[in-house]
2 protein chains.
Amino acid sequence: MNTVNLKQLAKELNLSVSTVSRALRDSWEISTPTKQRVFDLAKKMNFQPNPYASSLRKHRSRTIAVVIPEVANNFFALAIKGIETIAREKGYHVLIYLTNEDCGEEVSVAANLQSGRVDGVILSLSEQTRDVRHLLELQQRNVPLVFFDRVCDSIEAPKVVTNDYESGFVATEHLIKAGCRRIAHLTISMDLSISHKRMKGYTDGLLRYDLPFDEEMVIHCEDDEESIYRKIRALLSSEKRPDGIFASVEKLAVQVYHVCRELGLDIPKDVKVLGFSNLVTASLLNPALTTISQPAYEMGKEAATILFRRLEKKYIVVPDDRVILPARLEVRSSTI
Amino acid sequence: MNTVNLKQLAKELNLSVSTVSRALRDSWEISTPTKQRVFDLAKKMNFQPNPYASSLRKHRSRTIAVVIPEVANNFFALAIKGIETIAREKGYHVLIYLTNEDCGEEVSVAANLQSGRVDGVILSLSEQTRDVRHLLELQQRNVPLVFFDRVCDSIEAPKVVTNDYESGFVATEHLIKAGCRRIAHLTISMDLSISHKRMKGYTDGLLRYDLPFDEEMVIHCEDDEESIYRKIRALLSSEKRPDGIFASVEKLAVQVYHVCRELGLDIPKDVKVLGFSNLVTASLLNPALTTISQPAYEMGKEAATILFRRLEKKYIVVPDDRVILPARLEVRSSTI
DNA sequence: AAGCTGAACTACAACGTTTTCGTAAATAAA
DNA sequence: TTTATTTACGAAAACGTTGTAGTTCAGCTT
C-alpha cells in the first residue's frame, strides 16, 4: 500500500528519523530552515504518516465508533451527520456499526470495541437490549461511552436525549384537544427508557384530562414489520377502535397510514394520527402527518461534542450529565 | 485503555510471546494442550489483540472507507446498510466520510485515505466533483476503489450502477404515454455520468415519440435548497409551464410537490410528476409519487462484495467491470 | 583554559503483533 | 548407532512512529 515513510524522508534529507518526525510536528527543537526542508520534501513526496504506527505508539486512535440500530431512518441518519461534522472538525475518524435492533449484534460489536480500536463510543441502544453487561465491560476497559436517544438509565454515562416525557404528554394533550377520547399508544420495546417516558407522558396526559387508561390501547410493536402490521390492523378493525393514535416511532406511524388506507379509514375524520418522526415528507403525506420531531442533527453534534470534551480532557466532564434537547410538535392535517 | 496483551498472557503461562501468538491463531506448530491453555487464559482475561499493532505489522487494516455525499437520504442510507452487512460478514470495519456534496471535502478525505488507514474505498462522487485527480492519486497508491451510483467514467475501477439510461427513457416514455407533451427534466450536476445518462434517456424518449426537445425544459439544480426552490417555482409559474416533470433525484421531486402545493397546482391534473426516489413514503404522499426506485441496499452489498473480492484476491477482478442493477418504475397516482 | 549553556540535532527503545529463523528434543530412517 | 526428520517451541527482527535521553558543537562566562 502506502510506502513513503519517515525513514525515506530522513535518508533523502540526510537527517535522522527523529528529526524529521519532530520537524513535521513543528517542534521548537528543530531550526526553521530544517523544518522548511522537511515540509517541502514531505509535500513533494506526498507523505502521509501511518496512522496505525502512530496509534500504536500513542495509545490513541483518533477514531470513534457510532453504534446504532439502523441507518435507513432519518433520525439516525441525521444524527450520524451531526456526529461526523464534529468529528471532522476535531480530526477524528468515524467507524459505523449497525446492530439491526439485534442485541446479539450489539454485544459482539461491544466486545470488538474493547480492543482499543476506538477512543470512544457513541451509542443508541437496540430495541432488544435488556442486559447491558457488554456496555459495562466496555466502560471497565475505560472506553468512554456517550448515549443518545435510546439511552441506558442504569449506566453512568453522558446522555443526549429529547424531552420524551413532555413530548408524550404534549402529544396526548394535543390529540385530546383535537377531540379524541380513545387514544391508542403504539410503542416499541418497553425495555427502553425513552419508551417508558413517552408512555408515562401518555398516561399522565390521559389522567390530566380525566380519560380512562385502557390496557388494550397500548400496542407493543417489537417484532417484524409483518406482525406489526397485523397488530395495527387488528387494532383499527376492532369494535372498540381508537379515535386517535399516538405512535412513538416513525415506522409505526407509517404503518398506521398503510392500514388506514387499506381499511378505508379517513385520517383525521375516523382516526387522528400523530407520531414521533423526522420524515422530510411529513407535510406532503396524505393527509400531512402531525409529528413530534426531534432535533436529530443537533443531538448527534451534542453527543459528539460531549465525547470529544471527555477525550480531550479539557473540562472535567460530569460522568452522568444529561443533555435534554426539546422536540417540537408540528401540527398538520392528520390531527385537525 | 486496553492493557491485556500477548506479553502478559505469555508470562502467566510460562510461554514465549510467539508461542502465544501462534496458539491464538491456531497454528499447527503448537501442540493441542498448549493451545488449549492459551485459549482458556485468553478467554478468561478477555484478551483482545490490539488491531493497530496487527495492522502495522501486516499492512492490512481490515477497514474500508465509505465516502458519500450525504447520509440523510434513503438511497445512501440503504447503500451503507448493504455495505455494512457484507463488511460485518467478512470481519471488516467501516469508516464513514460525508462530503456534503462538496468537492473540496472529497479531496481532503481522499488525501487522508492515502495514509494506509484503509484497505479499500467505496465511493459515490459529490455533485461538485469535476477534477478527479485526488481519486487517481488514491489509485496510484494502490488503494482499491469501487464506485457506486455516482461513478466516474474516466477512472478505471469497478462500478455498481443502475440502468440509468433506460430508466431515463422509461420515465420519459411513461410520462408521454400518460399524456404529457411538454416534459421538464430536473437534474443535478451535469458533471456526473448518471446525470448524463438519465438525461440522454430523456432526450431519446422525446425523440422516439416525436416530441421537441426544449432547452428551457431542462433545469439544472446544483445549488442550495433555496435557489432550487426558486428555479422550480419559476418553471411552474411560467406561461409555458410543463405538463410533466421528470426529477432525476429525490429532493427535486419533493421540492416540486412543495411548489405545486403553494401554487395551487393539481398533481397529476395540471402537471404529472415522476422522480428517482427511494422514499418509503412515496405511496403515502398526496398524491402518491410515481418513482424510479433503485435497489440501493443491493447496490451497497454488490459494491462491498466486489471490493472484498479484490482485497482477498480470490478471483482476478476485472479492473473495469461494471455491474448494472435494474431500477424499477413504480407507477402511482402522480402520473395517472 | 576550563567549565557551562543552549541550540540543533541523533540514537535508541518502546508500542503490541507477526514472522523468520533458529534449536533442542523426540522420533524415524539408514 | 548414526543421521535425518519432525515436533514444539523461543529469540529476535521487523512494521512506522514517538518520546526519552543523550550528543555535538558553537558561543559564552569566569
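Throughout, a chain's letter reflects where its sequence line sits, starting with A, and its residues are numbered from 1.
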Check whether any side-chain N or O of A/T19 sits under 4.0 Å from OP1 or OP2 of C/dT10, and answer yes or no.
-> yes
Out of D/dC9, D/dG16, C/dC9, which nucleotide sits closest to the side chain of B/L56?
-> D/dG16
Between CD of A/Q48 and P of D/dT17 the distance, given in whole Å, is 11 Å
Under-4.0 Å side-chain N/O to phosphate OP1/OP2 contact, A/S55 with D/dT17 = no
With respect to the phosphate group of D/dC9, does any side-chain polar atom (N or O) of B/T34 fall under 4.0 Å of OP1 or OP2?
-> yes
Length of the CG-P vector between A/D26 and C/dA8, whole Å | 13 Å
Rounded distance in Å - OH (B/Y52) to C1' (D/dT18) | 17 Å
Presence of A/S54 side-chain N/O under 4.0 Å of D/dT17 phosphate oxygens OP1/OP2 | no
d(CG, A/N14; C1', C/dC9) in whole Å = 13 Å
For A/R62 and A/K90, indicate whether the former's side chain and the latter's backbone hold a donor-acceptor pair under 3.5 Å.
-> yes
Verify the contact: side-chain N or O of B/N50 to OP1 or OP2 of C/dG16, cut-off strictly under 4.0 Å; return yes or no.
-> no
Atom CD of B/Q8 and atom P of C/dC15 are separated, to the nearest Å, by 11 Å
Spell out, as yes or no, whether a donor-acceptor pair under 3.5 Å connects the side chain of B/Y52 to the backbone of A/R117.
-> yes
NZ/NE/NH1/NH2 to OD/OE distance under 4.0 Å, A/D153 and A/R322 | yes
Let me see the working for A/K301 and A/E89 under salt bridge (charged side-chain N to carboxylate O under 4.0 Å, His left out), right down to the final yes or no.
-> CA-CA 11 Å; A/K301 282 174 84 166; A/E89 272 174 24; 5.9 Å; no
Correct closest heavy-atom pair for A/N112 and B/H93 would be OD1-CE1, 3.2 Å
Which class fits the ring pair B/F308 and B/Y92: parallel under 30°, tilted 30 to 60°, perpendicular over 60°?
-> tilted
The contact string for nucleotides 19-26 of chain D, one letter per nucleotide 5' to 3', using protein heavy atoms under 4.0 Å with B, S and - for base, sugar-phosphate only and none, comes out as BB------
Value in whole Å for how far the P atom of C/dG16 lies from CZ of A/R117 | 16 Å
Please confirm whether the backbone N or O of A/F148 pairs with a side-chain atom of A/S124, one donor and one acceptor, at under 3.5 Å?
-> yes
Tell me which nucleotide among D/dC15, C/dT17, D/dT18 gets nearest to the side chain of B/F47.
-> C/dT17
CG of A/L6 versus P of C/dC15: gap in Å, rounded?
-> 19 Å
